[in-house]
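First comes the structure, then the notes that go with it.
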Amino acid sequence: MRDICCKLLSTTIEQDDIGQEEEVLKERLIPIIKVEDVYSKEYYEANQQGYKPSLRLRISALNYKDEEELIYMDKTYSIIRTQEVAADELVLICERKIKNV
């Protein structure tokens with residue numbers, strides 16, 4: 001089973017009541033157009049640069065605001081790069097984020 005939505009994660013710096021700055025994690029739920037397989041050529045080329053892509057999600061370009069992480073199927077992924085496939089669609093190439101790294 002595959003999810004039809006994912007959560008894009010972003011951090012912003014906000015000030016509290018006494019003026020101290022703190023990082024706030026924000027989540028935005030967006031719909032997924034399609035879940036794609038990672039191409040073998042893409043996997044090996046990324047692996048040479050130290051990445052291990054494991055997920056490709058096609059989303060609307062209007063929903064993406066340069067976030068660096070996302071949550072899909074209760075797992076956190078880092079967004080390695082984006083690829084524009086149509087005027088209004090992007091593919092997010094992601095790798096599984098390992099805790100404490």
Side-chain angles (χ1 to χ4, degrees):
M1 185 175 101
R2 298 190 177 198
D3 278 347
I4 56 170
C5 294
C6 70
K7 293 179 187 175
L8 290 175
L9 305 175
S10 63
T11 56
T12 58
I13 297 177
E14 295 182 358
Q15 290 186 354
D16 60 10
D17 296 338
I18 59 174
Q20 291 181 326
E21 293 182 347
E22 58 184 37
E23 282 190 2
V24 177
L25 181 68
K26 295 192 177 194
E27 297 180 353
R28 285 189 314 116
L29 191 65
I30 63 161
I32 297 171
I33 296 172
K34 184 178 178 185
V35 178
E36 300 177 349
D37 293 329
V38 175
Y39 306 129
S40 60
K41 179 181 177 187
E42 180 178 49
Y43 178 83
Y44 290 115
E45 287 176 359
N47 199 9
Q48 289 176 346
Q49 297 176 2
Y51 297 112
K52 294 185 185 298
S54 57
L55 179 67
R56 288 174 56 98
L57 296 177
R58 186 180 291 227
I59 64 168
S60 170
L62 298 173
N63 289 327
Y64 184 66
K65 295 181 174 68
D66 293 326
E67 289 89 353
E68 296 179 359
E69 295 180 343
L70 62 85
I71 297 175
Y72 175 71
M73 303 276 298
D74 295 326
K75 295 180 178 130
T76 305
Y77 293 87
S78 296
I79 300 171
I80 299 171
R81 68 181 183 91
T82 61
Q83 179 181 5
E84 187 174 327
V85 291
D88 60 344
E89 290 182 3
L90 282 176
V91 172
L92 304 178
I93 295 95
C94 309
E95 74 176 333
R96 180 83 186 274
K97 186 162 180 143
I98 300 170
K99 293 181 181 182
N100 299 327
V101 175

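Using a 4.5 Å heavy-atom cutoff, the side chains of Cys6 and Ile30 are in contact.
By the 4.5 Å side-chain criterion applied to Ile, Leu, Val, Met, Phe, Trp and Tyr, Ile33 is assigned to no cluster and stands alone. Membership of the apolar cluster around Ile71 extends to Leu9, Leu25, as traced through chained side-chain contacts below 4.5 Å between ILVMFWY residues.
Around atom CD of Gln15, more than 12 heavy atoms belonging to other residues, nucleotides or ligands sit under 6.0 Å away. Applying the 6.0 Å contact sphere to CD of Glu36 captures more than 12 heavy atoms from other residues, nucleotides or ligands.
A distance of 9.5 Å separates OG1 in Thr12 from CD in Glu22, rounded to the nearest 0.5 Å. Atoms CG and CD1, on Leu70 and Ile59 in that order, are 8.5 Å from each other to the nearest 0.5 Å.
Qualifying side-chain contact (heavy atoms from CB on, under 4.5 Å) partners for Leu62, counting only residues two or more places apart in sequence or in other chains: Ser60. The side-chain hydrogen bond (donor to acceptor under 3.5 Å, both in side chains) search around Glu67 returns Arg28, not counting sequence neighbours.
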Worked check of side-chain contact (heavy atoms from CB on, under 4.5 Å) between Val24 and Thr11: CA-CA 5 Å; Val24 177; Thr11 56; over 6 Å; no
Quick one: side chains of residues 76-94, donor-acceptor pairs under 3.5 Å with protein atoms, not counting sequence neighbours, listed by atom name and distance.
{"residue": "Arg81", "atom": "NH2", "partner": "Glu42", "partner atom": "OE2", "Å": "2.7"}
{"residue": "Glu89", "atom": "OE1", "partner": "Arg58", "partner atom": "NH1", "Å": "3.0"}

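Here the closest non-hydrogen pair linking Cys5 and Leu29 is CB-CD1, 3.7 Å.
Sorted by first and then second residue, the salt bridge (charged side-chain N to carboxylate O under 4.0 Å, His left out) pairs with a member in residues 4-20 read Lys7-Glu27, Glu14-Lys26; sequence neighbours excluded.
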